[in-house]
Amino acid sequence: MIHRPPPSSLADLQARADALRGVSLGVLAAELGAAIPEDARRSKGWIGQLVEAALGADGGSRPEPDFAGLGVELKTIPVTKDGRPRESTFVCTAPIEGAFEGAWLESRVRHKLAHVLWVPIHGDHEGTLELRTIGVPKLWVPNPEEDAALAADWLLLSELIAGGELHRINARLGAVMQLRPKGANAADYAWMIDDEGGWVRAVPYGFYLRTRFTAKLIAG
DNA sequence: GACTGATCATAG
DNA sequence: CTATGATCAGTC
């Protein structure tokens, strides 16, 4: 697949993203010489990687922003025909091995979300991948209210992990952000000692943004 | 429709 | 193996 060179500036990135509005994934894949997967269920990350290639994301699978030079993270987000997100959005994994990250300002979550390019993907998930289309991309920087909401959830959830209170972790916690399993499958776990001194299974967790939060971000 | 727990693919 | 990219599938 052809991978375009990285954008030279924020304006360049914005312009390239805007140029993708309304383009179908079939057309985009053809332009980049990418093969379209037969089975959408087995191609969960394909759309994200296609858009990365189209926009020249250079972060690769390293723990850096997708557009390293610009400090911008790219997120594709599946939306319904009225533009509402279908799914929550994965942010990053949560360090389960005791390593408390320190302050919110230094956290991986905040670094990931400092500057995000949201690219909505429209389309029926029963249909084929190539008929889905790209919506209106939006560059986002958290405003003070959004940052405060994220910080509050991050503190709540991080303290549960740091305190070994794994049995209290579930996806219901957090107003705008939650912790959910992020492993290969249910067999993906480690054993560790929790706050009560007993051995417990520790599945890998990830931070996810709730649908109702991302809905506000990509609207208007 | 929203939500939760589980799962799939690829790169380095 | 760990990071990246997320969506699936069943239930509420």
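Just so it is clear, the model here is predicted, and its values are computed rather than measured.
- The cationic group of A/Lys182 lies under 6.0 Å from the six-membered ring centre of A/Phe90 and within 45° of the ring axis, placing it in a cation-pi geometry.
- Within the nucleic acid shown, A/Arg84 comes within 4.0 Å of sugar-phosphate atoms alone, with no base atom in reach, counting heavy atoms only.
- Closest approach to the A/Arg210 side chain among B/dA6, B/dC3, C/dG5 is made by B/dC3 (side chain taken as heavy atoms from C-beta onward).
- With respect to the salt-bridge test (charged N to carboxylate O, under 4.0 angstrom), the residues A/Arg4 and A/Glu31 qualify.
- The residues A/Asp147 and A/Arg110 are annotated as salt-bridged, a charged nitrogen and a carboxylate oxygen being separated by less than 4.0 angstrom.
- Residues A/Arg41 and A/Thr80 both approach DNA chain B. Their nearest nucleotides, taken by heavy-atom distance, put A/Thr80 toward the 5′ side.
- Counting distance only, with no hydrogens placed and no angle test, the side-chain atoms of A/Lys182 and the base atoms of C/dG5 include a donor-acceptor pair under 3.5 Å.
- Using modelled atom types and a 3.5 Å distance limit, the side chains of A/Arg210 and A/Thr89 yield no donor-acceptor pair.
- When distances are taken from the side chain of A/Arg42 to each of C/dC8, C/dG5, B/dA9, the shortest belongs to B/dA9.
- Between A/Gly45 and A/Arg132, the residue anchored closer to the 5' end of DNA chain C is A/Gly45, taking for each the nucleotide with the nearest heavy atom.
- You won't find any donor-acceptor pair under 3.5 Å spanning the side chain of A/Gln178 and the base of B/dC3, going by distance alone.
- Comparing B/dC3, C/dA9, C/dA6 by their nearest atom to the side chain of A/Phe90 picks out C/dA6.
- Nearest to the side-chain atoms of A/Ala171 among the listed nucleotides C/dA6, B/dA9, B/dG5 stands B/dG5.
- When the nucleotides B/dC3, C/dA6, C/dG5 are ranked by their closest atom to the side chain of A/Thr76, C/dA6 comes out on top.
- Side-chain N/O atoms of A/Lys44 include none lying less than 4.0 angstrom from OP1 or OP2 on B/dT7.
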